[in-house]
Amino acid sequence: MSLRLYDSATRSVRDFSPLVPGRVGIYLCGATVQGAPHVGHLRSAVAFDVLVRWLRRGGQDVTLIRNVTDIDDKILDRSAEAGAPWWAWAYRFEREFADAYDAVGVLPPTYEPRATGHVPEMVALMERLVERGHAYVGQGGNVYFDVRSLPTYGSLTRQSLDHLTGPGEDVEPDKRDGRDFALWKAAKPGEPATATWTTPYGPGRPGWHLECSAMAQRYLGDTFDIHGGGLDLRFPHHENEQAQSHAAGYGFARYWVHHGLLTVNGEKMSKSLGNFVTAADALAQTDAVVLRLALATVHYRATVELSEATLAEARTTWERLSGFVVRAAERVGEVPADEVAAIEPDDLPPAFTAALDDDLNVSVALAVVHEHLRAGNTALADGDDDGARQAQRLVRAMLDVLGLDPLSGQWRSVTTSAGAEQTALDTLVRAALTERADARAAKDWARADALRERLTAAGVVVEDSLDGARWTLKGTR
Ligand SMILES: [Zn+2]
């Protein structure tokens, strides 16, 4: 395998080699299902979806574990405000997340463990940390991780303990050190009994960081290949996950892969700025495939900027890509999906494979797709059917790595209905152009100009050439 990935722990691009050759274990921090998914959640899922698709195309057997945090302070608060049981609240949004991921063509994870289904593993990990002197019991059954007990605490984010200050004002009085963090939260009066589990230290519920350490170990083992998540999770969440697992004596993640965040109209998305875009809003305003393209074609470590301009650009790109694939399939037949799926990285254009192996450089990869698309269009224009078929195979296989094959099961209905619209439009425009040609032949210039103006007003650009009139839609070439 020749993939190189940027490892946030070492802050360097490293050769990626899995612990067990041919198998890759990935843990991705999933959603805390307190409310509806937003476009930032989709960005995270799409970024890792491209990594998974690339690894699988290279023949790797990938196990992707993406958890669901279904118990949490905000879930309890919001469900109480809404008068709903917390578990019903969490499940409702878990389903919304699943629908949103499906809508943008994110492949399902191998498994999606829920925090509430893994409390015994969390308690066992916590007991181990207490036994090894890395955790202690505070008042009423709170259990804290003792950050000073682990000399390497802070290493993931390169922060020395001396420079870390704990939460100032709301520091829990039963902590030994303000920087210690909760492994377990004792049940508080007024909290629902269903949100409480029994432990040797008393009833309560797990802290967020503990959940991920326990679930990663359960499904991927003591040491696994890649831990992923957004840049915003590096501290404290990932630092604390790593501290727990290392203190328990486990190797934990060998590579840390963090994706960049998302801005809307140039600003960080927030409810107070009024630019908060839920997945449902985005999908109501934009075709899912266009949204996917806008998210998947930005480097995973860069910030995705979502705006009318970036979506319009994504739409133009999609129309160009899918338009070629449809024309090529009409001319030379559709290359079967299993043939597209069987093309290995070594048989893809070398520049494409090199770009993805270079820390998933999707913008260079997309430029290679465009080169092959141009070659395919030339082949179509020249009546070179072999060339057109080969271009269709490669363009579709490359796009499949990005989750964007226009004739995949996910997108073919979008592509073919757009193709049918295009055919209907072409029929209408050609009828108007024929009428215009007849008017010109009869020297009825007023009629010919009126027909052309009507087309222009509808956004149709007409170019007269020796072979007759050609048309395009304004802004699409
Ligand atoms: Zn996590």
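Quantities reported herein were computed from a predicted structural model and do not represent experimental measurements. Counting starts at 1 for both ligands and their atoms, following the listed order.
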* **Cation-pi, Tyr255 ring and Arg14 (6.0 angstrom, 45 degrees)** => yes
* To do: Determine, for Tyr101 and Arg66, whether the Lys NZ or Arg CZ falls below 6.0 Å from the six-membered ring centre while staying within 45 degrees of the axis.
  => yes
Under 3.5 Å, side-chain donor or acceptor atoms of residues 55-65 against the rest of the protein: list the pairs with distances, not counting sequence neighbours.
from, atom 1, to, atom 2, distance (Å)
Arg56, NH2, Val62, O, 3.3
Arg57, NH1, Val340, O, 3.0
Arg57, NH1, Ile343, O, 2.7
Arg57, NH2, Val340, O, 3.4
Arg57, NH2, Asp400, OD2, 2.8

* Protein N/O/S atoms under 2.8 Å from the Zn ion (ligand 1): how many? -> 4
* **ring-ring contact (aromatic ring centres under 6.0 Å, His included) involving Trp318 - partner list, sequence neighbours excluded** => none
* Contacts of type side-chain contact (heavy atoms from CB on, under 4.5 Å), residue Thr69, not counting sequence neighbours -> Thr32, Asn67, Asp72, Trp208, Glu211
* **Between His238 and His209, ring centroids under 6.0 Å** => no
